[in-house]
Amino acid sequence: MTVTRLSFPYGESIKWISPDKMTNLPSPPFKDWLLSSSSLTKKLKTQCQVFEVKVLGEDTLSPLTDEYPTQQPVWIREVLLILDGIPWIFARTLIPGRLLEKKQQEFLGLGARPLGELLYSKDEFTPGKIEVAHFEACSKIAKLAESLEQDVSSELWGRRRYFEHAQEQLIVSEIFLPAAQQAITALGK
């Protein structure tokens, strides 16, 4: 699979909004997936035979404007979550330096394992609020989806979830690629 002509990092500056302030949220069942408070990894695994994580890149970088509470460098990990050979999710994780130091072995040792397994397998991480965003066809994420040979004729949706660990905040953004949106919408038919 050729990922794209773009390169790591793929993330872009996004305006995330509280779902209760959005008037145009998608309809169920996709809305239910977008706002689900449970592990997205666990939900995704119920939809496939083979679940894979393709690491696009990871490094210590400065966050994008308004992406993180401070502009201090954070560890950024970007992956594709792939179900039966089809990319469904683009995920971008931001972990502050102090938290990375405390949990270096767990985070840097993830490799091709999903972060969701770590975040939901231990009581050390407290899931927090969810914010949502939608993306037009001209966005970097849409270009990534196009390079994966997915039709980006409709807007893309994503969610951002905050996790607390000992007063440190980790942020995970998950963008549903067109293949995911189509498959999830078909579940309701």
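Taking every heavy atom of both residues into account, R161 and S36 meet most closely at NH1-O, 4.2 Å. When all heavy atoms of I130 and S37 are compared, the pair lying nearest together is CD1-CA, 4.3 Å. A133 approaches I14 most closely through the heavy-atom pair CB-CG2, 3.5 Å. The two residues L61 and P9 make their nearest non-hydrogen contact at CD1-CG, 4.1 Å. Of all the heavy atoms in A145 and V152, the pair that sits closest is CB-CG2, 3.8 Å. Of all the heavy atoms in V53 and A112, the pair that sits closest is CB-O, 3.2 Å.
The backbone N or O of Q182 sits nowhere less than 3.5 Å from a side-chain atom of T185 that would complete a donor-acceptor pair.
Note that CD1 of I76 and CG of D59 are 8.5 Å apart. Values are rounded to the nearest 0.5 Å. From L118, atom CG reaches atom CZ of F163 across 10.0 Å, with rounding to the nearest 0.5 Å. Between the CZ atom in F176 and the CD1 atom in I141 there is a gap of 13.0 Å [rounded to 0.5 Å]. Rounding to the nearest 0.5 Å gives a distance of 8.5 Å between CG of L56 and CZ of F8. Here the CD-CG distance, from E106 to L115, works out to 11.0 Å after rounding to the nearest 0.5 Å.
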Begin with the C-alpha distance, continue with both residues' side-chain angles, and end with the deciding distance and a verdict on side-chain contact (heavy atoms from CB on, under 4.5 Å) for L108 and L100. CA-CA 8 Å; L108 298 182; L100 183 61; 4.1 Å; yes
Apply side-chain contact (heavy atoms from CB on, under 4.5 Å) to T41 and L119, showing your working. CA-CA 10 Å; T41 299; L119 296 177; over 6 Å; no
Trace of the side-chain contact (heavy atoms from CB on, under 4.5 Å) decision for L170 with W75: CA-CA 10 Å; L170 171 151; W75 186 67; over 6 Å; no
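Shown here are the side-chain hydrogen bond (donor to acceptor under 3.5 Å, both in side chains) partners of S62, two or more places apart in sequence or in another chain: there are none. Listed by chain and number, the residues in a salt bridge (Lys or Arg N to Asp or Glu O under 4.0 Å) with R98 are E168 (sequence neighbours excluded). The salt bridge (Lys or Arg N to Asp or Glu O under 4.0 Å) test applied to R160 returns E131, not counting sequence neighbours. For S13, there are no side-chain hydrogen bond (donor to acceptor under 3.5 Å, both in side chains) partners two or more places apart in sequence or in a different chain. Legend: residues meeting side-chain hydrogen bond (donor to acceptor under 3.5 Å, both in side chains) with Y68, ordered by chain and number and at least two apart, are absent. Looking at residues two or more places apart in sequence or on another chain, you find a side-chain hydrogen bond (donor to acceptor under 3.5 Å, both in side chains) between D20 and S18. Checked against ring-ring contact (aromatic ring centres under 6.0 Å, His included), F107 has no partners two or more places apart in sequence or in another chain.
Residues Y120 and S38 are not in side-chain contact: their nearest non-hydrogen atoms beyond the backbone lie 4.5 Å or more apart. Residues P69 and I171 meet the side-chain proximity criterion, which asks for heavy atoms closer than 4.5 Å.
Under the salt bridge (charged side-chain N to carboxylate O under 4.0 Å, His left out) criterion, the residue pairs touching residues 34-50 are K45-E117, with sequence neighbours excluded. Residue pairs satisfying the ring pair (Phe, Tyr, Trp, His ring centres under 6.0 Å) criterion with at least one member in residues 125-148, sequence neighbours excluded, are listed as follows: F125-H165, H134-W157. Within the structure, the salt bridge (charged side-chain N to carboxylate O under 4.0 Å, His left out) test picks out no pair touching residues 22-37 (sequence neighbours left out). Among residues at least two apart or in separate chains, salt bridge (charged side-chain N to carboxylate O under 4.0 Å, His left out) pairs with a member in residues 148-159 are R159-E174.
Linking ILVMFWY side-chain heavy atoms closer than 4.5 Å, directly or via other members, places V55 and L40 in a single hydrophobic cluster. The cluster map of Ile, Leu, Val, Met, Phe, Trp and Tyr, joined by side-chain heavy atoms under 4.5 Å apart, puts L35 and L44 in the same cluster. Under the 4.5 Å side-chain heavy-atom criterion for ILVMFWY residues, no single connected hydrophobic cluster contains both V74 and L99. Hydrophobic clustering, with ILVMFWY side chains joined whenever heavy atoms are under 4.5 angstrom apart, keeps L156 apart from L64.
Atom CG of N24 has more than 12 neighbouring heavy atoms from other residues, nucleotides or ligands inside a 6.0 Å radius.
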Extract all donor-acceptor atom pairs below 3.5 Å that involve side chains of residues 79-95 and protein atoms in other chains or at least two apart in sequence.
unit_1	atom_1	unit_2	atom_2	d
D84	OD1	Q49	N	2.9
D84	OD1	V50	N	2.8
D84	OD2	Q49	N	3.3
R92	NE	E67	OE2	2.5
R92	NH1	E78	OE2	2.4
R92	NH2	E67	OE1	3.0
R92	NH2	E67	OE2	3.3

